[in-house]
Chemist: 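Got a structure for you, written out below as structure tokens; questions coming shortly.
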Amino acid sequence: MADISTDVLIIGTGPAGSATAALLSTYGIENMAVNRYRWLANTPRAHITNQRAMEVLRDLGPEVEKEAYLHGTHQDLMGENIFCTSLAGEEIGRMKSWGKHPLSRAEHQLSSPSHMNDLPQTFMEPILFKTACSRGTQARMSTQYLRHEQDPDGVTTTCLDRLTNREFTIRSKYLVGADGGNSLVAEHAGLPFEGKMGVAGSMNILFRADLSKYVAHRPSVLYWVMQPGSNVGGIGMGLVRMVRPWNEWLIVWGYDINEPAPEVDAAMATKVARDLVGDPELEIELLSANTWTVNNMYATHLQNGRVFCMGDAVHRHPPSNGLGSNTSIQDGFNLAWKLAMVVKGQAGPGLLDSYSVERAPIAKQIVTRANQSIEEFGPIFKALGLLDSIDPVKMQQNMDARCDDTAEAEAQREAIRQAIAFKVYEFDAHGVEMNQRYASDAIVTDGQPEPPFEKDRELHYQPTTWPGARLPHVWLYDDAGEKVSSLDLAGKGRFTVLTGIGGQGWVEAARTVGAELGIDIATHVIGPRQRWQDFTGDWARAREVRDGGVVLTRPDQHVAWRSEAMVADPAAELRRVLTQILAR
Ligand code: FDA
């Protein structure tokens, strides 16, 4: 007999675990989240928070999204990505990033009701965790996962209560391993991995210092510092990252992975900060220092029976592109509704198999992208002449040569411009963030081929209602002046039918089939004199079906299925689609 029981046990209260707990509690599922520490993240690791992650917070409730904006630094202050020799020294180039360029900003605004912002992990985790606990998650801190065993009916997990040093067991129907990059749950579940851990060494130095005079005229979250002769290991160069504008900072600095990790004391931290800022008199208030490794590893399968892993447990990669926490939250959005419907008996356990089918390709994609982004700093070093020599004097001369009035210098200037511009694949890769499309048994094809990407799929989001894609965002209005995003009509733990004038048959079918299957299906007829109206015509352009057709979305706002027009027996069609998706 286990000491405690719950429906879903979550190991870890990072972005993945806390988001999953918050979603499960919102869906009314009993769950418990444990963390081996007494509290949440104590360093602001993740910060770039993309639109898709913000949409998950928005789905949890407007108050959750609003609280994130309250603490986050606005997108307007994020995007002057600077390459320099020090903050006080020469600026070599910059690129507008994170939707700062007006063309990119337009794409961001057209794509989502939510906006990107800079929200350090020390703020994101408490928002998600508080939401989870206030809605019913049973949280146990200072509780360390040790091992688990599963049988056909459930999972028995042994944990250590670190306050009493006593072991105890928790019985659950399902176990979620959201226990980070050194995941024991993934190891014990025997998940298969590809790639390599520890490809480079990095250290974080967190400090307070007012650097406004160096940065306020070129607001950015990232200042990349290239100094000939300095340590160019780890992430590739020195990074000065804004944590709070403009008086709290995190320096990321490399160390040789073949040597033991260095002890970062106050003297070392101060020296690194003074060098990168370029002010030998700079006084810093050191808050913390720690080392970490750059990884290049992902799980190719995310499930073993009743055990699921998510977040860094299954995708381990450098911070490039700011994808880690964002993807972890999105993993939770994919799995939570499936667990909820299976636990409630609304879906068969087969639905859960779609989690790995849908998210494992994303894990591979983001790990590959983040590591490729590191390599794409190479052309900048090359163009600056930093790879031709290890002699700092010669390296400086090579960099200085770009200022000469010669044909070679003109070519060098062009090479620098091009190499910096190419970093758009790290710093403004909107498509990587927004183009996730799924193919699994939890998606039903309408027979149409996948629409090809008209622009670079890593850089540009392409909306479509092709089954498997995220529902496109458009604004819809009512006569009283209220507006909602199409995404607001979907989600919230429910399937949603979106139709137009002539689609009343889908509404009735949803009622009938929903009652038969015991699920709540939201329905919206969009059109003149309806609750929500498409005054701008944006929905008509985005939906890719006719007025009497239907777009059916899943609780995670991905399109489950669509029909171009009304059919003879809409209830039969909905029944066919939903029984397949729900594995009934
Ligand atoms: P995470 O590691 O955050 O949490 C794991 C949880 O499991 C913790 O609560 C831990 O205590 C718990 N745990 C572990 N073992 C346990 C055990 N045995 N028993 C009980 N509990 C256990 N991402 C991003 O999206 N945007 C960004 O800008 C950045 N930037 C960034 C900068 C830097 C410098 C770093 C190092 C990282 C980033 N990231 C990022 C990545 C981001 O920090 C990372 O991807 C997420 O924290 C992953 O979230 P998880 O919840 O998966 O794991």
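Atoms within a ligand are numbered from 1 in the order they appear, just like the ligands themselves.
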Chemist: Looking at Ser111, Ser112, Ser485, Ser114, which hits side-chain hydrogen bond (donor to acceptor under 3.5 Å, both in side chains) with His473?
Modeler: Ser485
Chemist: Looking only at protein heavy atoms, which one is nearest to atom 44 (C) of ligand 1, and how far off is it?
Modeler: Asp312 OD2, 3.3 Å
Chemist: Does any non-hydrogen side-chain atom of His115 lie less than 4.5 Å from one of Tyr69?
Modeler: yes
Chemist: Can you tell me the protein heavy atom closest to atom 21 (N) of ligand 1 and the distance?
Modeler: Arg36 N, 3.2 Å
Chemist: May I ask you to check if Arg359 and Phe308 form a cation-pi contact, with NZ or CZ under 6.0 angstrom from the six-membered ring centre and within 45° of the axis?
Modeler: no
Chemist: Should Gly324 be counted as touching ligand 1, given the test is an N or O pair under 3.5 Å?
Modeler: yes
Chemist: Considering Cys159, Gly12, Ala41, which one's heavy-atom position lies nearest to atom 12 (C) of ligand 1?
Modeler: Gly12
Chemist: Name the option, out of Asn35, Leu40, Thr143, that contains the heavy atom nearest to atom 11 (O) of ligand 1.
Modeler: Asn35
Chemist: Would you say Arg45 and ligand 1 have an N/O pair spaced under 3.5 Å apart?
Modeler: yes
Chemist: Compute whether any side-chain donor of one residue and acceptor of the other, for Thr73 and Asp118, lie under 3.5 angstrom apart.
Modeler: no
Chemist: For residues 4-23, which residue pairs pass the salt bridge (charged side-chain N to carboxylate O under 4.0 Å, His left out) check, not counting sequence neighbours?
Modeler: Asp7-Lys173
Chemist: Has ligand 1 got any nitrogen or oxygen that is less than 3.5 angstrom from a nitrogen or oxygen of Gln121?
Modeler: yes
Chemist: If you measure every N or O of Gln144 against every N or O of ligand 1, does any of those distances drop under 3.5 Å?
Modeler: no
Chemist: Tell me, which pairs form a ring-ring contact (aromatic ring centres under 6.0 Å, His included) where one or both residues lie in residues 158-197, sequence neighbours left out?
Modeler: Tyr145-His188
Chemist: Are Glu248 and Arg241 close enough for a salt bridge, meaning some N to O gap below 4.0 Å?
Modeler: no
Chemist: May I ask you to identify the nearest protein heavy atom to atom 2 (O) of ligand 1, giving residue, atom name and distance to one decimal place in Å?
Modeler: Gly180 CA, 3.6 Å
Chemist: Does any N or O atom in Arg241 lie less than 3.5 angstrom from one in ligand 1, N or O only?
Modeler: no
Chemist: Before signing off on this row, confirm whether Thr13 and ligand 1 have an N or O atom pair separated by under 3.5 Å.
Modeler: yes
Chemist: Who's closest to atom 50 (P) of ligand 1 heavy-atom-wise, of Pro319, Ser18, Gly181, Pro15?
Modeler: Pro15
Chemist: For Glu149, look at atom CD and say whether over 12 heavy atoms of other residues, nucleotides or ligands are found less than 6.0 Å away.
Modeler: no
Chemist: For Phe381 and Phe377, take the angle between the two ring planes, folded into 0 to 90°, and tell me which bin it lands in: parallel under 30, tilted 30 to 60, perpendicular over 60.
Modeler: parallel
Chemist: Can you tell me which portion of Tyr145 lies within the under-4.0 Å heavy-atom range of ligand 1? Options are side chain, backbone, both, or neither.
Modeler: both
Chemist: Check whether any N or O atom of Gly311, backbone or side chain, sits under 3.5 Å from an N or O atom of ligand 1, and answer yes or no.
Modeler: no
Chemist: Looking only at N/O atoms, are Ser325 and ligand 1 under 3.5 Å apart anywhere?
Modeler: yes
Chemist: Just let me know how Thr49 lines up against ligand 1, side chain, backbone, both or neither, with a heavy-atom cut-off below 4.0 Å.
Modeler: neither
Chemist: Measuring only between side-chain heavy atoms, which start at C-beta, is Pro262 closer than 4.5 Å to Met203?
Modeler: yes
Chemist: Could you check whether Arg135 pairs with Glu63 (Lys NZ or Arg NE/NH1/NH2 to Asp/Glu carboxylate O, under 4.0 Å)?
Modeler: yes
Chemist: Looking only at protein heavy atoms, which one is nearest to atom 4 (O) of ligand 1, and how far off is it?
Modeler: Gly14 CA, 3.6 Å
